[in-house]
Amino acid sequence: MRPYEPAAIEPKWVARWEEEGLYRAVGDGARPRFYALDMFPYPSGDLHMGHAEAFSGGDAIARFRWMQGHDVLHPIGWDAFGLPAENAAIRRGIHPKEWTYANIDQQRRSFRRMGMSFDWSRQFNTCDPGYYRWTQWLFLKLFERGLAYRKLAPTNWCPKDQTVLANEQVVNGACERCGTPVVRRDLVQWFFRITDYAQRLLDDMEGLEWPERVLTLQRNWIGRSEGAEVRFEIAETGDEVTVFTTRPDTLWGVTFFVFAPEHPLVRTLARAGGSAEEVGALLDRLQATPLTSREQAESREGVRLGVHAVNPVNGEKVPAFVAPYVLMEYGTGAVMGVPAHDQRDFEFAREHGLPIRVVIAPEGAELDPDGMREAWPHEGVMVHSGPFDGTPSPESIGRVTAWLREKGIGGPAVTYRLRDWLISRQRYWGAPIPIVHCEVCGEVPVPEEDLPVLLPDDVDFQPGGESPLARHPTWKHVACPRCGREAVRDVDTMDTFVDSSWYFFRYCSPHEETRPFDPEAVGAWMPVDQYTGGIEHAVLHLLYARFLTKALHDMGMVGFVEPFRRLMNQGQVIYDGAAMSKSKGNIVEPMPIVERWGADTMRLTMLFAGPFEDDIDWKLIAPDPDRPPPAYHFLGRLWRAVCEAAASDAPEPEPLVRMRHRTVRVVTADYERFRFNTAISRMMELTNEIRRTLDAGGGAREAASVLVQLLAPMAPFVTEELWREVLGNEGSVHTSAWPSFDPELARE
RNA sequence: GCGAGAGUGGCGGAAGCCGGUAGACGCGCCGGAUUUAGGAUCCGGUGCCCGCAAGGGCGUGGGGGUUCGAGUCCCCCCUCUCGCACCA
């Protein structure tokens, strides 16, 4: 009997499978289609442990579906533009292009070595002009429909990376990529109008088979809030100011009024109220304050504007303030102050000596405003509220809202936390925004036939506050496409997340040269049946991709509104309780392990370590780097058992027959639910039973054959070698028909 | 604070929706066989406590409840992880 030697068998099969064209998606409709998608990798180096984990699971699903008779689309490509590659290239003193393509080559080699069942004929990189011309094309389509627009807005600026960031890319007030606290900058930037889709992004979650965690994250991020809007008037100037509130039932408790510092009326009202100097000083100070420290300061500072707001429900005049605790980005940028029933307003009132008026009373009790130590934000009965006295809480909000509408001073309103997606980047390594700025014509889209707007290679790409493209001597100077006068190109590039928000469409027809994708191919393959990737994209990529799909749907380009039917998140691979990182020096590389012990061992170890969505602590799983990871021993046992079983023609005893059928039943169900770990444990049991049977003189050929098939999606090499060379089958185990079971025999 | 999820041997983890011998499978450890040797292979043992043994007792974060029967269902509490966090 030959020993189990992964290094001797694995490379051989990589070559054979490619020769035989085993993993080409056909798309002829002869078999049911299955689109198995893995989040495409970012080429920042060789594959890491996270890739090994994610792709082991994604590949198992694709192979399982293949054996079940599906026509599987399992593509691969590279998310190749963006900051990390650019920063790494700068550190190494080489061109981002060179660095990126070298990494792609390396990752491609590693994927092949691992035996991934990708359809290599469909691969592409987002930094290739053949791809990004269509990213630019999509920008133009969004622009046409008013979904891409430019505005002056306060933005999150990363001082280290020298670019603006989207809200989704700011984590705890710091740059998602480098951890530097972001500062505020007012800049004219391009945005995608994702807020138009806020409600649909919420509603369409209903039909998604996604982990609850991810849906919750998206729901929170969109942050729908129901309430009312109410129009106040500024007594001294007659300006009308609308506020949003979730508690219209507390309107009779308003004792002051507050504007966000960025509110457009603040400076004029300050002048009108005689507080221009003091207010100006506050605004100047805030302008220089990083967003983070401003958000974290829970101070209740504020300045009296000197004007008053008129409460429309009772005509009372209350003093107006400007205060940093009110955010321009949420609601209308102005709020009514109800200290008795809102904690922030309570603190503000105490700080500034403002009256506290109780208008909601707890069941059968009174609140004493002077004795209150905090606001009372709970339900209760309305008091001191004119016509609404005695109205109990649950329905009071609706009644007051209806009344506001009748009186013409407000009405129901919904507000979302979601902000428009800022997509401009002041960096080199990205797709140029296909717009020309003309002094006469304004923002002029680059004509479709002139796409792509090529990213020039000869640029000093050091970040420097404005886009490096601006420093190129000639690139930006063009004739206006509309009037022919001298004009300049937009010098910013697009956020990498724009590139990745549509790549899954491209896979369906990757060689299209006259359009981004063939709608027919997209209609046939999509939505994606199974999407595998990390949870870190819960409110980034996954939200953007959903938005873009809906936009394409509205343009009549696709017939569905959700791109990913089913989503599976793998856990992280950590080491000794902490994330692997260069600074900690605890990085374990997957490829040396693959070279030494085999890809099958690597894959099976990942999948057996625990539930797919749970984190794996590599130190606990494989504490000694010089000893084989645990799955290696199992594969050796399997190898010997199958070799022995193949050599015997003795009849298979009934207990083994039953176990064989049972295993097929349970393992099939486990694959469907991504329960790789328990599937493997079942196969280990079958392996043990085969050994016992053989030792007792029984036969186990059929059981061994079934076992090899069941394991094939997770350990493609050893099973192929056993299937063809040991069990003597003609074709590949990976195109063999998934074993069936007799329900009678498969009973427990 | 709000939201989501989780607490099971020395360790990773099993015990589906719908209560039925808790700890499958594996790692580690202990003992044995084979071997020049082994980090190779094979066999046996391994939740905790008492006991030489037969056997007995205790066990799924804590407390209570429902039930013939609870890791699983209900109530209260504790701990941990992850999001969001001045969102009006």
Side-chain angles (χ1 to χ4, degrees), chain A residues 1 3-4 171-173 211-225 227-230 243-248 250 254 257-258 260 294-301 323-338 341-348 374-375 377 413 415-419 535-536 538-539 569 571-572 577 604-606 608-611 613-634 636-637 639-640 666 669-670 672-673 675 677-688 691-692 695 748:
Chain A
M1 191 199 297
Y4 171 52
V171 179
N172 293 328
E212 197 50 47
R213 275 197 302 175
V214 179
L215 295 176
T216 303
L217 284 171
Q218 290 213 355
R219 249 180 238 119
N220 291 346
W221 189 260
I222 295 167
R224 182 190 153 96
S225 186
E229 54 179 25
V230 188
V243 300
F244 173 76
T245 177
T246 52
R247 293 296 303 274
T250 65
V254 172
F257 194 93
V258 194
R294 177 173 151 196
E295 274 173 4
Q296 279 161 10
E298 291 191 6
S299 95
R300 292 292 105 129
E301 72 170 320
Y325 86 91
V326 176
L327 309 172
M328 191 61 218
E329 295 81 38
Y330 187 77
T332 62
V335 302
M336 58 190 213
V338 185
H341 306 293
D342 180 284
Q343 186 57 25
R344 295 154 302 179
D345 295 348
F346 181 85
E347 290 162 15
F348 191 83
E374 56 183 13
T415 296
Y416 301 89
R417 207 189 77 117
L418 183 68
R419 303 267 64 86
I535 191 151
E536 67 273 18
V539 291
N569 295 119
Q572 291 201 340
L604 214 55
T605 298
M606 286 290 188
F608 184 58
E613 60 277 10
D614 287 7
D615 288 353
I616 294 173
D617 193 327
W618 192 257
K619 191 182 180 195
L620 296 178
I621 294 301
D624 183 348
D626 285 324
R627 292 176 63 177
Y632 186 80
H633 298 289
F634 166 61
R637 280 199 298 277
W639 176 269
R640 289 183 291 276
V666 175
D670 279 348
E672 263 151 19
R673 290 153 54 214
R675 299 171 54 106
N677 56 330
T678 52
I680 293 167
S681 78
R682 287 293 186 150
M683 291 189 252
M684 287 171 166
E685 288 179 275
L686 182 58
T687 308
N688 293 341
R691 299 201 62 90
R692 272 192 292 275
D695 286 349
E748 293 288 341

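With sequence neighbours left out, Q343(A) forms a side chain to side chain donor-acceptor pair (under 3.5 Å) with E347(A). In this structure, the salt bridge (charged side-chain N to carboxylate O under 4.0 Å, His left out) partners of E212(A), at least two apart in sequence or on a different chain, are R219(A). With sequence neighbours excluded, the residues that form a salt bridge (charged side-chain N to carboxylate O under 4.0 Å, His left out) with R247(A) are D249(A).
Ring geometry for Y4(A) against W639(A) counts as tilted: the plane angle lies between 30° and 60°, on a 0 to 90° scale.
rC52(B) is unpaired under the criterion used here, namely a Watson-Crick or G-U wobble arrangement in which both key atom distances are under 3.5 Å. Here rC42(B) sits opposite rG32(B) as a Watson-Crick or G-U wobble pair (both hydrogen-bonding atom distances under 3.5 Å). In this structure, rG10(B) and rC27(B) make a Watson-Crick or G-U wobble pair, each of the two defining distances being under 3.5 angstrom. Both distances falling under 3.5 Å, in either a Watson-Crick or a G-U wobble arrangement, place rC68(B) opposite rG20(B). Pairing for rC58(B) goes to rG47(B), judged as Watson-Crick or G-U wobble with the two contacts each under 3.5 Å. Taking a pair to require two hydrogen-bonding distances under 3.5 Å in either a Watson-Crick or a G-U wobble arrangement, rA4(B) pairs with rU81(B).
At whole-Å resolution of the value, CG in D670(A) and C1' in rG16(B) are 9 Å apart. At whole-Å resolution of the value, CE in M683(A) and P in rG26(B) are 13 Å apart. Rounded to an integer number of Å, the gap from CE of M328(A) to C1' of rA88(B) is 13 Å. Per the geometry, CG belonging to N220(A) stands 17 Å off P belonging to rC82(B), to the nearest Å. Regarding R419(A), its CZ atom lies at a distance of 15 Å from the C1' atom of rC84(B), rounded to whole Å. If you take CZ of R224(A) and C1' of rG3(B), they are 18 Å apart, rounded to a whole angstrom. One can place CG of L215(A) at 17 Å from P of rG83(B), the figure rounded to the nearest angstrom. In this structure, CH2 of W221(A) is placed 17 Å from C1' of rA4(B), rounded to the nearest angstrom.
rG83(B) sits 45 Å from rC30(B) when the C1' atoms are compared, rounded to a whole Å. With C1' as the reference atom, rG65(B) and rG19(B) are 15 Å apart, rounded to whole Å. Here, rA24(B) and rG12(B) have their P atoms 15 Å apart, quoted to the whole Å. Annotation: rG63(B) and rA70(B) have their P atoms spaced 15 Å apart (nearest Å). rC48(B) and rU35(B): their P atoms are spaced 34 Å apart (whole Å). Taking atom C1' on both nucleotides, rG9(B) is separated from rG71(B) by 14 Å, rounded to a whole Å. Atom P of rU8(B) sits at a distance of 24 Å from the matching atom of rC18(B), rounded to the whole Å. When the P atom is used for both rG5(B) and rG59(B), the distance is 30 Å, rounded to whole Å.
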Can you name the atoms? Protein N/O to nucleotides 38-43 of chain B N/O, anything below 3.5 Å, with the distance.
residue, atom, partner, partner atom, Å
rU41(B), OP1, H633(A), ND1, 3.4
rU41(B), O3', R640(A), NH2, 3.3

Distances under 3.5 Å between protein N/O atoms and the N/O atoms of nucleotides 9-14 of chain B, please, pair by pair.
residue, atom, partner, partner atom, Å
rG12(B), O2', A609(A), O, 2.4
rA14(B), OP1, N677(A), ND2, 3.4

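No donor-acceptor pair under 3.5 Å is formed between the side chain of R682(A) and the backbone N or O of V666(A). D615(A) contributes no side-chain N or O that, together with a main-chain N or O of G571(A), makes up a donor-acceptor pair within less than 3.5 Å.
A distance of 10.5 Å separates CZ of R692(A) from OG1 of T687(A), quoted to the nearest 0.5 Å. R637(A) CZ to N688(A) CG: the interatomic distance, rounded to the nearest 0.5 Å, is 6.5 Å.
Checking rA88(B), rG16(B), rG26(B) against every side-chain atom of A669(A), the shortest atom distance belongs to rG16(B). Taking only side-chain atoms of T216(A), from C-beta outward, the nucleotide of rG16(B), rA24(B), rA4(B) with the closest atom is rA4(B).
Nucleotide rG39(B) carries an anti base; the chi torsion (O4'-C1'-N9-C4 or O4'-C1'-N1-C2) is more than 90° from 0.
Using a 4.0 Å heavy-atom criterion, one finds that E212(A) contacts no nucleic acid atom at all. As judged by a 4.0 angstrom heavy-atom cut-off over every strand, N688(A) is placed among residues touching the sugar-phosphate backbone only.
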What side-chain donor-acceptor pairs closer than 3.5 Å can you find for residues 620-631 of chain A, not counting sequence neighbours?
residue, atom, partner, partner atom, Å
D624(A), OD1, D626(A), N, 2.9
D626(A), OD1, R596(A), NH1, 3.2

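Annotation: side chain of W221(A) is not in contact with side chain of R419(A) (no heavy-atom distance under 4.5 Å). Within the 4.5 Å cutoff, no side-chain heavy atoms of F608(A) are placed close to those of I616(A). Side-chain atoms of M336(A) and T245(A), non-hydrogen and from C-beta on, do get closer than 4.5 Å to each other.
Close to rA88(B), at under 4.0 Å from its OP1 or OP2, lies a side-chain N or O of S225(A). OP1 or OP2 of rA85(B) lies within a sub-4.0 Å distance of a side-chain N or O belonging to R417(A).
In terms of position along RNA chain B, the nucleotide closest to L217(A) lies nearer the 5' end than the nucleotide closest to the other residue of the pair L217(A) and G333(A).
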